[in-house]
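Since the structure comes first, as C-alpha coordinates, the remarks are kept for the end.
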Amino acid sequence: MSESLFSKKNRKLITDPLTDNNPVTVQVLGICSALAITVQVNQAIVMGLSVIFVTMMGNVVISMLRNLIPSRIRIIVQLVVVAALVIVVDQVLAAFLPDLSAKLSVFVGLIITNCIIMGRLEAFAMANKPWPSLLDGFGNGLGYAGLLVLVAVFRELFGSGTLLGFTIFGNSLPGEESGLYAMGYTNNNMMILPPMALIIVGVIIWVQRLRNKELQEDH
Amino acid sequence: MKFLENILHKMEPNFSKGGKFEKWNPLFETMATFAFTPKLVTQKGSHIRDGVDLKRTMMTVIIAMIPCLLFGIYNTGHFAEVAKGSSIAASYWDGFGTKFTSGLIVVLPILVVSYGVGLTVEFIFGMLRGHALHEGFLVSGMLIPLIMPADVPLWMVGVATVFAVVIGKEVFGGTGMNVLNVALTARAFLFFAYPTSMSGDKVWLSGQEVDGVSGSTALGDLASFMSDKPVFENLDAYYGKYSLMDSFMGMIPGSIGETSTLACLIGAAVLIFTGVGSLRIIASFFAGGFVMGMILNAVGGNAYLDLPAHFHLVIGGFAFGAVFMATDPVTAAQTATGKLIYGFLGGLVAIMIRVLNPAYPEGVMLAILFMNVMAPIIDHYVIQSNIKKRLKRVKTA
(Lines give C-alpha, C1' and ligand atoms only; values in the text may rest on other atoms or scores of the structure.)
Protein backbone atom coordinates (compact mmCIF):
# COMPACT_ATOMS: atom_id res chain seq x y z
CA MET A 1 0.00 0.00 0.00
CA SER A 2 1.55 3.23 -1.15
CA GLU A 3 -0.61 5.60 0.85
CA SER A 4 -1.25 5.49 4.59
CA LEU A 5 -4.85 5.12 5.70
CA PHE A 6 -5.00 8.58 7.21
CA SER A 7 -2.77 10.51 4.84
CA LYS A 8 -3.24 14.22 4.48
CA LYS A 9 -5.36 13.72 1.38
CA ASN A 10 -7.61 11.23 3.13
CA ARG A 11 -8.01 13.41 6.20
CA LYS A 12 -9.12 16.23 3.94
CA LEU A 13 -12.00 14.00 2.79
CA ILE A 14 -13.38 14.20 6.30
CA THR A 15 -12.52 17.77 7.25
CA ASP A 16 -13.55 19.51 4.02
CA PRO A 17 -17.27 18.74 4.26
CA LEU A 18 -17.24 20.05 7.82
CA THR A 19 -16.18 23.54 6.79
CA ASP A 20 -15.52 24.94 3.32
CA ASN A 21 -17.39 22.28 1.40
CA ASN A 22 -20.28 21.63 3.76
CA PRO A 23 -23.00 19.78 1.88
CA VAL A 24 -25.77 21.90 3.39
CA THR A 25 -24.37 25.42 3.67
CA VAL A 26 -22.10 25.44 0.61
CA GLN A 27 -23.63 22.96 -1.80
CA VAL A 28 -27.12 23.66 -0.40
CA LEU A 29 -28.20 20.02 -0.53
CA GLY A 30 -30.49 18.19 1.88
CA ILE A 31 -32.26 21.39 2.93
CA CYS A 32 -35.73 19.83 3.10
CA SER A 33 -34.92 17.44 5.90
CA ALA A 34 -32.96 20.17 7.68
CA LEU A 35 -36.23 22.11 7.89
CA ALA A 36 -38.36 19.18 8.92
CA ILE A 37 -36.55 17.46 11.75
CA THR A 38 -34.61 20.20 13.54
CA VAL A 39 -37.29 21.15 16.06
CA GLN A 40 -35.61 19.02 18.73
CA VAL A 41 -31.94 18.20 19.16
CA ASN A 42 -32.44 14.49 19.78
CA GLN A 43 -34.34 14.13 16.50
CA ALA A 44 -31.53 15.92 14.70
CA ILE A 45 -28.89 13.67 16.26
CA VAL A 46 -30.72 10.45 15.36
CA MET A 47 -31.38 11.73 11.84
CA GLY A 48 -27.72 12.77 11.52
CA LEU A 49 -26.48 9.36 12.65
CA SER A 50 -28.84 7.63 10.22
CA VAL A 51 -27.56 9.72 7.32
CA ILE A 52 -23.92 9.16 8.34
CA PHE A 53 -24.56 5.41 8.31
CA VAL A 54 -26.29 5.47 4.93
CA THR A 55 -23.73 7.69 3.18
CA MET A 56 -20.81 5.65 4.57
CA MET A 57 -22.21 2.23 3.71
CA GLY A 58 -23.70 3.40 0.42
CA ASN A 59 -20.37 4.87 -0.65
CA VAL A 60 -18.49 1.68 0.26
CA VAL A 61 -20.91 -0.66 -1.51
CA ILE A 62 -21.11 1.44 -4.67
CA SER A 63 -17.36 1.94 -4.67
CA MET A 64 -16.81 -1.80 -4.56
CA LEU A 65 -19.32 -2.35 -7.36
CA ARG A 66 -18.19 0.64 -9.39
CA ASN A 67 -16.46 -1.39 -12.10
CA LEU A 68 -19.34 -3.81 -12.44
CA ILE A 69 -22.21 -1.32 -12.77
CA PRO A 70 -23.19 -0.57 -16.38
CA SER A 71 -23.26 3.21 -16.55
CA ARG A 72 -26.67 3.32 -18.22
CA ILE A 73 -28.45 1.83 -15.22
CA ARG A 74 -26.16 3.15 -12.50
CA ILE A 75 -28.77 5.43 -10.91
CA ILE A 76 -31.14 2.49 -10.44
CA VAL A 77 -28.40 0.39 -8.88
CA GLN A 78 -27.46 3.25 -6.55
CA LEU A 79 -31.09 3.70 -5.54
CA VAL A 80 -31.50 0.00 -4.75
CA VAL A 81 -28.42 0.07 -2.52
CA VAL A 82 -29.51 3.25 -0.72
CA ALA A 83 -33.08 2.04 -0.32
CA ALA A 84 -31.91 -1.23 1.21
CA LEU A 85 -29.72 0.65 3.71
CA VAL A 86 -32.50 3.08 4.60
CA ILE A 87 -34.92 0.25 5.27
CA VAL A 88 -32.35 -1.30 7.62
CA VAL A 89 -32.03 2.04 9.47
CA ASP A 90 -35.79 2.49 9.59
CA GLN A 91 -36.35 -0.97 11.03
CA VAL A 92 -33.59 -0.58 13.61
CA LEU A 93 -35.04 2.75 14.77
CA ALA A 94 -38.55 1.31 14.92
CA ALA A 95 -37.27 -1.59 17.00
CA PHE A 96 -35.05 0.25 19.47
CA LEU A 97 -36.29 3.87 19.53
CA PRO A 98 -40.01 3.54 18.79
CA ASP A 99 -40.90 7.02 20.15
CA LEU A 100 -38.33 8.87 18.09
CA SER A 101 -39.10 6.71 15.09
CA ALA A 102 -42.74 7.79 15.31
CA LYS A 103 -41.71 11.45 15.52
CA LEU A 104 -39.32 11.23 12.58
CA SER A 105 -42.08 9.37 10.68
CA VAL A 106 -41.54 9.57 6.93
CA PHE A 107 -38.33 11.54 7.11
CA VAL A 108 -36.20 8.46 7.75
CA GLY A 109 -37.71 6.83 4.67
CA LEU A 110 -37.08 10.02 2.74
CA ILE A 111 -33.33 9.70 3.34
CA ILE A 112 -33.49 7.75 0.06
CA THR A 113 -34.18 10.99 -1.77
CA ASN A 114 -31.57 13.00 0.15
CA CYS A 115 -29.50 14.71 -2.52
CA ILE A 116 -26.33 14.48 -0.43
CA ILE A 117 -26.29 10.68 -0.63
CA MET A 118 -26.96 10.42 -4.36
CA GLY A 119 -24.54 13.27 -4.93
CA ARG A 120 -21.69 11.56 -3.11
CA LEU A 121 -22.38 8.23 -4.84
CA GLU A 122 -22.29 9.88 -8.26
CA ALA A 123 -19.49 12.32 -7.65
CA PHE A 124 -17.16 10.28 -5.47
CA ALA A 125 -17.92 6.59 -4.95
CA MET A 126 -18.25 5.86 -8.67
CA ALA A 127 -14.66 7.00 -9.23
CA ASN A 128 -12.78 6.11 -6.05
CA LYS A 129 -11.63 3.11 -4.04
CA PRO A 130 -13.69 1.86 -1.06
CA TRP A 131 -11.51 3.31 1.73
CA PRO A 132 -11.50 6.93 0.52
CA SER A 133 -15.20 6.50 -0.30
CA LEU A 134 -15.87 5.44 3.28
CA LEU A 135 -14.07 8.53 4.58
CA ASP A 136 -15.87 10.78 2.11
CA GLY A 137 -19.23 9.33 3.12
CA PHE A 138 -18.40 9.76 6.79
CA GLY A 139 -17.23 13.36 6.30
CA ASN A 140 -20.28 14.43 4.31
CA GLY A 141 -22.65 12.67 6.67
CA LEU A 142 -20.93 14.39 9.58
CA GLY A 143 -21.11 17.78 7.86
CA TYR A 144 -24.84 17.29 7.40
CA ALA A 145 -25.37 16.01 10.94
CA GLY A 146 -23.32 18.84 12.45
CA LEU A 147 -25.38 21.51 10.75
CA LEU A 148 -28.61 19.74 11.66
CA VAL A 149 -27.63 19.71 15.33
CA LEU A 150 -26.53 23.35 15.22
CA VAL A 151 -29.88 24.45 13.77
CA ALA A 152 -31.74 22.20 16.20
CA VAL A 153 -29.91 23.72 19.18
CA PHE A 154 -31.20 27.19 18.25
CA ARG A 155 -34.69 25.95 17.50
CA GLU A 156 -35.12 23.82 20.60
CA LEU A 157 -33.51 26.34 22.95
CA PHE A 158 -35.57 29.33 21.84
CA GLY A 159 -38.64 27.43 20.66
CA SER A 160 -39.20 25.16 23.63
CA GLY A 161 -36.70 26.41 26.22
CA THR A 162 -35.09 22.98 26.45
CA LEU A 163 -32.02 21.16 25.14
CA LEU A 164 -32.25 17.39 24.58
CA GLY A 165 -35.43 17.58 26.64
CA PHE A 166 -33.78 19.20 29.70
CA THR A 167 -35.28 22.53 30.71
CA ILE A 168 -32.84 25.42 30.42
CA PHE A 169 -34.85 28.57 31.05
CA GLY A 170 -37.04 27.24 33.86
CA ASN A 171 -40.58 25.94 34.08
CA SER A 172 -42.94 27.38 31.47
CA LEU A 173 -46.19 25.76 32.64
CA PRO A 174 -48.81 28.48 33.17
CA GLY A 175 -49.36 29.18 36.84
CA GLU A 176 -46.08 27.67 38.05
CA GLU A 177 -43.50 29.60 36.01
CA SER A 178 -39.96 29.75 37.28
CA GLY A 179 -36.61 31.06 36.06
CA LEU A 180 -36.79 33.31 32.99
CA TYR A 181 -40.49 32.59 32.47
CA ALA A 182 -41.31 34.19 35.81
CA MET A 183 -39.65 37.36 34.49
CA GLY A 184 -41.98 37.51 31.49
CA TYR A 185 -39.99 35.52 28.95
CA THR A 186 -42.02 33.52 26.44
CA ASN A 187 -40.99 30.77 24.06
CA ASN A 188 -40.63 31.86 20.47
CA ASN A 189 -43.31 30.03 18.54
CA MET A 190 -41.75 30.95 15.21
CA MET A 191 -38.75 28.74 16.05
CA ILE A 192 -41.05 25.73 15.90
CA LEU A 193 -42.33 26.66 12.43
CA PRO A 194 -40.26 25.42 9.44
CA PRO A 195 -39.59 28.91 7.97
CA MET A 196 -37.38 29.74 10.95
CA ALA A 197 -35.13 26.75 10.15
CA LEU A 198 -34.68 28.19 6.67
CA ILE A 199 -33.80 31.58 8.16
CA ILE A 200 -31.30 30.03 10.61
CA VAL A 201 -29.63 28.05 7.81
CA GLY A 202 -29.55 31.27 5.80
CA VAL A 203 -27.89 33.18 8.62
CA ILE A 204 -25.30 30.39 9.06
CA ILE A 205 -24.54 30.57 5.31
CA TRP A 206 -24.28 34.35 5.60
CA VAL A 207 -21.78 34.19 8.49
CA GLN A 208 -19.76 31.45 6.79
CA ARG A 209 -19.42 33.45 3.57
CA LEU A 210 -18.50 36.58 5.47
CA ARG A 211 -15.60 34.68 7.04
CA ASN A 212 -14.47 32.91 3.88
CA LYS A 213 -14.23 35.22 0.88
CA GLU A 214 -13.62 32.29 -1.50
CA LEU A 215 -17.17 31.08 -1.02
CA GLN A 216 -18.70 34.36 -2.17
CA GLU A 217 -20.08 34.21 -5.66
CA ASP A 218 -19.47 37.24 -7.83
CA HIS A 219 -22.29 38.45 -9.97
CA MET B 1 -26.45 77.66 14.50
CA LYS B 2 -23.08 79.25 13.75
CA PHE B 3 -21.95 78.06 17.18
CA LEU B 4 -22.89 74.45 16.39
CA GLU B 5 -21.23 74.69 12.99
CA ASN B 6 -17.99 75.84 14.57
CA ILE B 7 -17.96 72.94 17.00
CA LEU B 8 -18.59 70.43 14.22
CA HIS B 9 -15.90 72.08 12.11
CA LYS B 10 -13.35 71.79 14.91
CA MET B 11 -14.22 68.13 15.50
CA GLU B 12 -14.05 67.12 11.87
CA PRO B 13 -10.31 66.36 11.49
CA ASN B 14 -10.57 63.80 14.30
CA PHE B 15 -13.16 61.86 12.36
CA SER B 16 -11.79 62.05 8.83
CA LYS B 17 -9.31 59.55 7.40
CA GLY B 18 -6.21 59.21 9.58
CA GLY B 19 -7.88 60.98 12.49
CA LYS B 20 -8.21 59.71 16.03
CA PHE B 21 -11.80 58.55 15.72
CA GLU B 22 -11.73 57.45 12.10
CA LYS B 23 -13.89 54.43 12.96
CA TRP B 24 -16.68 56.62 14.22
CA ASN B 25 -16.89 58.66 11.02
CA PRO B 26 -20.32 57.25 10.07
CA LEU B 27 -21.78 58.51 13.35
CA PHE B 28 -20.18 61.94 12.96
CA GLU B 29 -21.32 62.29 9.38
CA THR B 30 -24.86 61.30 10.27
CA MET B 31 -25.05 63.88 13.03
CA ALA B 32 -23.41 66.60 10.97
CA THR B 33 -25.61 66.16 7.91
CA PHE B 34 -28.68 66.10 10.11
CA ALA B 35 -27.97 69.70 11.05
CA PHE B 36 -26.19 71.07 7.98
CA THR B 37 -25.89 70.62 4.24
CA PRO B 38 -23.31 67.96 3.36
CA LYS B 39 -19.86 69.31 2.51
CA LEU B 40 -19.91 67.73 -0.91
CA VAL B 41 -22.53 69.47 -3.00
CA THR B 42 -22.97 69.59 -6.75
CA GLN B 43 -21.05 72.58 -8.16
CA LYS B 44 -22.61 73.09 -11.58
CA GLY B 45 -24.61 71.60 -14.38
CA SER B 46 -27.11 69.44 -12.53
CA HIS B 47 -30.78 70.03 -13.21
CA ILE B 48 -32.31 70.40 -9.80
CA ARG B 49 -36.04 70.78 -9.54
CA ASP B 50 -36.22 70.31 -5.82
CA GLY B 51 -33.76 69.79 -2.99
CA VAL B 52 -35.58 66.70 -1.77
CA ASP B 53 -33.40 63.85 -0.50
CA LEU B 54 -33.94 60.68 1.50
CA LYS B 55 -33.92 62.52 4.83
CA ARG B 56 -36.59 64.99 3.77
CA THR B 57 -38.73 62.24 2.24
CA MET B 58 -38.55 60.31 5.47
CA MET B 59 -39.33 63.38 7.58
CA THR B 60 -42.43 64.01 5.43
CA VAL B 61 -43.70 60.52 6.14
CA ILE B 62 -43.09 61.01 9.85
CA ILE B 63 -45.00 64.30 9.78
CA ALA B 64 -47.84 62.50 8.01
CA MET B 65 -47.87 59.94 10.81
CA ILE B 66 -48.15 62.49 13.61
CA PRO B 67 -51.99 62.63 13.60
CA CYS B 68 -52.06 58.84 13.92
CA LEU B 69 -49.49 58.95 16.70
CA LEU B 70 -51.26 61.65 18.71
CA PHE B 71 -54.65 60.06 18.31
CA GLY B 72 -53.16 56.66 19.07
CA ILE B 73 -51.66 57.96 22.31
CA TYR B 74 -54.99 59.43 23.40
CA ASN B 75 -56.95 56.33 22.37
CA THR B 76 -54.52 54.06 24.23
CA GLY B 77 -54.83 56.30 27.27
CA HIS B 78 -58.62 56.20 27.10
CA PHE B 79 -58.73 52.42 27.02
CA ALA B 80 -56.10 52.21 29.76
CA GLU B 81 -58.50 54.23 31.93
CA VAL B 82 -61.36 51.96 30.86
CA ALA B 83 -59.30 48.95 31.89
CA LYS B 84 -58.60 50.58 35.26
CA GLY B 85 -62.31 51.25 35.63
CA SER B 86 -61.73 54.93 36.48
CA SER B 87 -64.55 57.47 36.56
CA ILE B 88 -63.43 59.42 33.48
CA ALA B 89 -63.78 56.31 31.32
CA ALA B 90 -67.50 56.72 30.77
CA SER B 91 -67.22 59.49 28.19
CA TYR B 92 -64.57 59.41 25.47
CA TRP B 93 -63.41 63.02 25.69
CA ASP B 94 -63.58 63.41 29.50
CA GLY B 95 -60.31 63.91 31.36
CA PHE B 96 -58.30 64.78 28.26
CA GLY B 97 -55.01 65.48 30.02
CA THR B 98 -55.12 62.40 32.25
CA LYS B 99 -55.88 60.12 29.36
CA PHE B 100 -53.21 61.63 27.15
CA THR B 101 -50.66 61.24 29.93
CA SER B 102 -51.54 57.62 30.65
CA GLY B 103 -51.40 56.95 26.89
CA LEU B 104 -47.99 58.57 26.72
CA ILE B 105 -46.74 56.35 29.56
CA VAL B 106 -47.69 53.31 27.48
CA VAL B 107 -46.62 54.46 24.02
CA LEU B 108 -43.41 56.37 24.72
CA PRO B 109 -41.38 53.36 26.00
CA ILE B 110 -42.39 51.34 22.92
CA LEU B 111 -41.31 54.21 20.67
CA VAL B 112 -37.99 54.58 22.50
CA VAL B 113 -37.26 50.84 22.34
CA SER B 114 -38.13 50.68 18.65
CA TYR B 115 -35.89 53.62 17.71
CA GLY B 116 -33.10 52.75 20.15
CA VAL B 117 -32.78 49.11 19.12
CA GLY B 118 -33.34 49.74 15.42
CA LEU B 119 -30.85 52.59 15.11
CA THR B 120 -28.25 50.62 17.09
CA VAL B 121 -28.53 47.68 14.69
CA GLU B 122 -28.42 50.03 11.69
CA PHE B 123 -25.40 51.77 13.14
CA ILE B 124 -23.52 48.49 13.68
CA PHE B 125 -24.12 47.53 10.05
CA GLY B 126 -23.17 51.04 8.94
CA MET B 127 -19.84 50.74 10.78
CA LEU B 128 -19.17 47.26 9.36
CA ARG B 129 -19.91 48.40 5.84
CA GLY B 130 -18.33 51.82 6.25
CA HIS B 131 -21.23 54.07 5.35
CA ALA B 132 -23.14 56.73 7.21
CA LEU B 133 -26.32 55.75 9.00
CA HIS B 134 -29.09 55.34 6.44
CA GLU B 135 -32.29 57.23 7.05
CA GLY B 136 -34.58 54.34 6.13
CA PHE B 137 -35.15 53.36 9.72
CA LEU B 138 -36.57 56.77 10.70
CA VAL B 139 -39.93 55.76 9.26
CA SER B 140 -39.80 52.08 10.23
CA GLY B 141 -38.97 53.04 13.81
CA MET B 142 -42.12 55.15 13.96
CA LEU B 143 -44.30 52.58 12.17
CA ILE B 144 -43.37 49.71 14.48
CA PRO B 145 -44.88 51.23 17.67
CA LEU B 146 -48.00 52.29 15.79
CA ILE B 147 -48.82 48.71 14.77
CA MET B 148 -48.20 47.15 18.19
CA PRO B 149 -50.93 46.25 20.70
CA ALA B 150 -50.75 48.56 23.71
CA ASP B 151 -49.85 45.76 26.08
CA VAL B 152 -46.93 44.29 24.11
CA PRO B 153 -43.88 43.56 26.34
CA LEU B 154 -40.99 45.88 25.50
CA TRP B 155 -38.45 43.10 25.05
CA MET B 156 -40.64 41.62 22.34
CA VAL B 157 -40.60 44.95 20.51
CA GLY B 158 -36.82 44.88 20.75
CA VAL B 159 -36.46 41.32 19.48
CA ALA B 160 -38.87 41.97 16.62
CA THR B 161 -37.03 45.17 15.65
CA VAL B 162 -33.70 43.36 15.52
CA PHE B 163 -35.24 40.58 13.44
CA ALA B 164 -36.93 43.00 11.06
CA VAL B 165 -33.85 45.17 10.50
CA VAL B 166 -31.40 42.27 10.11
CA ILE B 167 -33.50 39.68 8.25
CA GLY B 168 -35.92 42.08 6.61
CA LYS B 169 -33.42 44.67 5.43
CA GLU B 170 -29.69 44.33 6.07
CA VAL B 171 -29.54 40.81 4.61
CA PHE B 172 -30.61 42.28 1.28
CA GLY B 173 -28.08 45.11 1.46
CA GLY B 174 -29.72 47.79 3.60
CA THR B 175 -31.98 50.75 2.93
CA GLY B 176 -33.62 50.66 -0.47
CA MET B 177 -32.78 47.01 -1.13
CA ASN B 178 -35.39 45.28 1.02
CA VAL B 179 -38.04 43.04 -0.47
CA LEU B 180 -40.41 43.21 2.49
CA ASN B 181 -41.72 46.18 4.41
CA VAL B 182 -39.53 46.37 7.54
CA ALA B 183 -42.22 47.39 10.02
CA LEU B 184 -44.60 44.70 8.80
CA THR B 185 -41.80 42.14 9.05
CA ALA B 186 -41.52 43.07 12.72
CA ARG B 187 -45.29 42.72 13.18
CA ALA B 188 -45.41 39.41 11.31
CA PHE B 189 -42.51 38.08 13.36
CA LEU B 190 -44.30 38.90 16.61
CA PHE B 191 -47.58 37.54 15.26
CA PHE B 192 -46.08 34.13 14.55
CA ALA B 193 -43.53 34.06 17.37
CA TYR B 194 -45.65 35.27 20.29
CA PRO B 195 -49.28 34.86 19.21
CA THR B 196 -50.62 35.16 22.76
CA SER B 197 -49.14 38.66 23.10
CA MET B 198 -50.26 39.84 19.69
CA SER B 199 -53.85 38.69 19.26
CA GLY B 200 -56.86 37.61 21.24
CA ASP B 201 -58.74 39.77 23.73
CA LYS B 202 -56.10 40.25 26.45
CA VAL B 203 -53.57 42.55 24.83
CA TRP B 204 -55.38 45.58 23.47
CA LEU B 205 -56.04 47.38 26.75
CA SER B 206 -52.96 48.40 28.65
CA GLY B 207 -52.74 47.17 32.22
CA GLN B 208 -56.10 45.45 32.33
CA GLU B 209 -57.10 44.78 35.94
CA VAL B 210 -60.88 44.91 36.05
CA ASP B 211 -62.70 41.73 35.19
CA GLY B 212 -65.66 41.94 32.89
CA VAL B 213 -64.15 44.64 30.66
CA SER B 214 -63.98 43.09 27.22
CA GLY B 215 -60.68 43.90 25.59
CA SER B 216 -61.48 42.41 22.24
CA THR B 217 -61.23 44.39 19.01
CA ALA B 218 -63.89 44.95 16.39
CA LEU B 219 -62.15 42.41 14.17
CA GLY B 220 -61.96 39.85 16.95
CA ASP B 221 -65.67 40.21 17.67
CA LEU B 222 -66.50 40.04 13.98
CA ALA B 223 -64.39 36.93 13.47
CA SER B 224 -66.50 35.19 16.12
CA PHE B 225 -69.43 35.35 13.67
CA MET B 226 -67.55 32.70 11.70
CA SER B 227 -67.56 30.32 14.69
CA ASP B 228 -70.37 28.64 16.60
CA LYS B 229 -70.27 31.11 19.47
CA PRO B 230 -70.55 34.67 18.15
CA VAL B 231 -70.03 37.53 20.60
CA PHE B 232 -73.03 39.41 19.16
CA GLU B 233 -76.37 38.00 18.14
CA ASN B 234 -76.53 39.98 14.92
CA LEU B 235 -75.04 42.98 13.16
CA ASP B 236 -77.35 45.47 14.88
CA ALA B 237 -75.92 44.42 18.22
CA TYR B 238 -72.45 44.85 16.75
CA TYR B 239 -73.25 48.40 15.57
CA GLY B 240 -74.28 49.17 19.15
CA LYS B 241 -70.71 48.69 20.31
CA TYR B 242 -68.77 49.80 17.23
CA SER B 243 -70.77 52.38 15.31
CA LEU B 244 -69.57 53.48 11.87
CA MET B 245 -68.68 56.91 13.25
CA ASP B 246 -66.67 55.52 16.19
CA SER B 247 -64.81 53.18 13.85
CA PHE B 248 -64.05 56.02 11.45
CA MET B 249 -62.85 58.31 14.23
CA GLY B 250 -60.90 55.46 15.81
CA MET B 251 -62.58 55.42 19.22
CA ILE B 252 -62.30 51.60 19.39
CA PRO B 253 -59.58 49.30 20.79
CA GLY B 254 -56.85 48.17 18.44
CA SER B 255 -53.15 48.53 17.73
CA ILE B 256 -51.81 51.87 18.94
CA GLY B 257 -51.87 53.94 15.78
CA GLU B 258 -54.14 52.07 13.43
CA THR B 259 -57.63 52.65 14.82
CA SER B 260 -58.41 56.11 13.44
CA THR B 261 -59.28 56.13 9.74
CA LEU B 262 -59.61 59.92 9.94
CA ALA B 263 -56.02 60.34 11.17
CA CYS B 264 -54.81 58.00 8.43
CA LEU B 265 -56.66 60.06 5.80
CA ILE B 266 -55.04 63.27 7.09
CA GLY B 267 -51.71 61.49 6.74
CA ALA B 268 -52.68 60.36 3.25
CA ALA B 269 -53.47 63.95 2.28
CA VAL B 270 -50.00 65.05 3.44
CA LEU B 271 -48.30 62.21 1.57
CA ILE B 272 -50.23 62.78 -1.66
CA PHE B 273 -49.86 66.57 -1.54
CA THR B 274 -46.07 66.35 -1.09
CA GLY B 275 -45.81 63.61 -3.71
CA VAL B 276 -44.19 61.19 -1.28
CA GLY B 277 -47.01 58.65 -1.22
CA SER B 278 -48.69 57.31 -4.31
CA LEU B 279 -52.35 58.23 -4.78
CA ARG B 280 -52.69 55.30 -7.19
CA ILE B 281 -51.72 52.79 -4.52
CA ILE B 282 -53.83 54.30 -1.75
CA ALA B 283 -56.94 54.69 -3.92
CA SER B 284 -56.69 51.29 -5.57
CA PHE B 285 -56.03 49.63 -2.19
CA PHE B 286 -59.29 51.06 -0.84
CA ALA B 287 -61.05 50.10 -4.08
CA GLY B 288 -59.77 46.53 -3.85
CA GLY B 289 -60.99 46.19 -0.26
CA PHE B 290 -64.38 47.64 -1.18
CA VAL B 291 -64.80 45.29 -4.15
CA MET B 292 -63.94 42.25 -2.03
CA GLY B 293 -66.42 43.48 0.59
CA MET B 294 -69.11 43.69 -2.12
CA ILE B 295 -68.28 40.18 -3.35
CA LEU B 296 -68.59 38.82 0.20
CA ASN B 297 -71.91 40.68 0.61
CA ALA B 298 -73.16 39.07 -2.59
CA VAL B 299 -72.20 35.62 -1.31
CA GLY B 300 -73.73 36.30 2.11
CA GLY B 301 -74.50 33.55 4.58
CA ASN B 302 -73.59 34.86 8.02
CA ALA B 303 -73.38 38.20 9.76
CA TYR B 304 -69.70 38.78 8.99
CA LEU B 305 -70.16 38.16 5.26
CA ASP B 306 -73.15 40.51 5.33
CA LEU B 307 -71.18 43.36 6.93
CA PRO B 308 -71.48 46.33 4.55
CA ALA B 309 -68.37 46.73 2.40
CA HIS B 310 -67.62 50.28 3.54
CA PHE B 311 -67.39 49.04 7.14
CA HIS B 312 -64.37 46.95 6.22
CA LEU B 313 -62.47 50.07 5.19
CA VAL B 314 -62.73 51.77 8.58
CA ILE B 315 -61.99 48.93 11.00
CA GLY B 316 -58.72 47.21 11.85
CA GLY B 317 -55.51 48.31 10.20
CA PHE B 318 -56.94 48.61 6.70
CA ALA B 319 -56.63 52.39 6.29
CA PHE B 320 -53.28 52.50 8.10
CA GLY B 321 -51.92 49.72 5.91
CA ALA B 322 -53.18 51.34 2.73
CA VAL B 323 -51.71 54.76 3.55
CA PHE B 324 -48.40 54.01 5.28
CA MET B 325 -47.48 50.41 4.53
CA ALA B 326 -48.57 49.72 0.96
CA THR B 327 -47.09 53.01 -0.27
CA ASP B 328 -43.55 52.22 0.93
CA PRO B 329 -41.66 53.23 -2.24
CA VAL B 330 -39.04 50.49 -1.87
CA THR B 331 -41.34 47.49 -1.60
CA ALA B 332 -44.29 48.65 -3.73
CA ALA B 333 -44.62 48.24 -7.48
CA GLN B 334 -42.75 50.92 -9.43
CA THR B 335 -44.68 51.29 -12.68
CA ALA B 336 -47.84 53.41 -12.83
CA THR B 337 -50.07 50.56 -14.02
CA GLY B 338 -48.26 48.21 -11.68
CA LYS B 339 -49.15 50.43 -8.72
CA LEU B 340 -52.85 50.17 -9.57
CA ILE B 341 -52.69 46.38 -9.83
CA TYR B 342 -50.55 46.13 -6.68
CA GLY B 343 -52.89 48.27 -4.60
CA PHE B 344 -56.08 46.67 -5.88
CA LEU B 345 -54.91 43.11 -5.29
CA GLY B 346 -53.54 44.14 -1.88
CA GLY B 347 -56.93 45.43 -0.74
CA LEU B 348 -58.69 42.42 -2.24
CA VAL B 349 -56.45 39.88 -0.51
CA ALA B 350 -56.53 41.82 2.78
CA ILE B 351 -60.31 41.59 3.14
CA MET B 352 -60.34 38.03 1.82
CA ILE B 353 -57.90 36.85 4.52
CA ARG B 354 -59.60 38.94 7.18
CA VAL B 355 -63.06 37.47 6.63
CA LEU B 356 -62.47 33.98 5.30
CA ASN B 357 -59.66 32.91 7.62
CA PRO B 358 -60.73 33.39 11.26
CA ALA B 359 -57.23 32.38 12.43
CA TYR B 360 -55.89 35.65 10.98
CA PRO B 361 -58.41 38.30 12.00
CA GLU B 362 -56.20 41.03 10.54
CA GLY B 363 -55.35 40.16 6.96
CA VAL B 364 -53.89 43.53 5.98
CA MET B 365 -50.41 42.72 7.28
CA LEU B 366 -50.22 39.40 5.42
CA ALA B 367 -51.79 40.84 2.28
CA ILE B 368 -49.25 43.68 2.02
CA LEU B 369 -46.30 41.37 2.71
CA PHE B 370 -47.66 39.03 0.04
CA MET B 371 -47.99 41.87 -2.46
CA ASN B 372 -44.46 43.08 -1.56
CA VAL B 373 -43.19 39.75 -2.80
CA MET B 374 -45.37 39.93 -5.92
CA ALA B 375 -44.49 43.56 -6.78
CA PRO B 376 -41.44 42.77 -8.98
CA ILE B 377 -43.46 40.24 -11.00
CA ILE B 378 -46.24 42.78 -11.52
CA ASP B 379 -43.70 45.34 -12.72
CA HIS B 380 -42.08 42.78 -15.01
CA TYR B 381 -45.33 41.98 -16.81
CA VAL B 382 -46.39 45.62 -17.02
CA ILE B 383 -43.09 46.48 -18.70
CA GLN B 384 -43.26 43.44 -21.01
CA SER B 385 -46.76 44.31 -22.14
CA ASN B 386 -45.69 47.89 -22.77
CA ILE B 387 -42.78 46.68 -24.89
CA LYS B 388 -45.12 44.46 -26.87
CA LYS B 389 -47.57 47.29 -27.44
CA ARG B 390 -44.86 49.61 -28.71
CA LEU B 391 -43.34 46.92 -30.93
CA LYS B 392 -46.73 46.38 -32.51
CA ARG B 393 -46.97 50.11 -33.21
CA VAL B 394 -43.58 50.04 -34.92
CA LYS B 395 -44.53 47.05 -37.05
CA THR B 396 -47.86 48.40 -38.24
CA ALA B 397 -46.42 51.81 -39.04
Spacing of CG belonging to Asn188(A) relative to CZ belonging to Phe192(B), to within rounding of 0.5 Å: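 The CG atom of Asn188(A) sits 12.5 Å away from the CZ atom of Phe192(B).
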Enter the distance from Tyr194(B):OH to Asn187(A):CG here, rounded to the nearest 0.5 Å.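 Atom-to-atom, Tyr194(B):OH and Asn187(A):CG are 8.5 Å apart.
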By a 4.5 Å heavy-atom criterion (distance strictly below it), what part of Tyr185(A) contacts chain B: side chain, backbone, both, or neither?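 Contact with chain B is through both the backbone and side chain of Tyr185(A).
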Can you tell which part of Met191(A) gets under 4.5 Å to a heavy atom of chain B, answering side chain, backbone, both or neither?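 Looking at Met191(A), nothing touches chain B.
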With a 4.5 angstrom heavy-atom cut-off, is it the side chain or the backbone of Phe189(B) that approaches chain A, or both, or neither?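 Both the backbone and the side chain of Phe189(B) come within 4.5 Å of chain A.
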Counting heavy atoms not belonging to [X], are there more than 12 under 6.0 Å from its [atom1]?
X: Phe124(A); atom1: CZ; answer: yes
X: Phe172(B); atom1: CZ; answer: yes
X: Phe370(B); atom1: CZ; answer: no

Beyond-backbone contact of Thr186(A) with Met156(B), side-chain heavy atoms, under 4.5 angstrom: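 Contact flag for Thr186(A)/Met156(B) side chains = yes.
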Going by heavy atoms in the side chains, are Phe191(B) and Asn189(A) under 4.5 Å from each other?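 A side-chain contact is absent here, since even the closest heavy-atom pair is not under 4.5 Å.
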Positive for side chain to side chain contact (heavy atoms under 4.5 Å, CB included) with Val203(A), one of Val166(B), Ile167(B), Val171(B):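 The passing option is Ile167(B).
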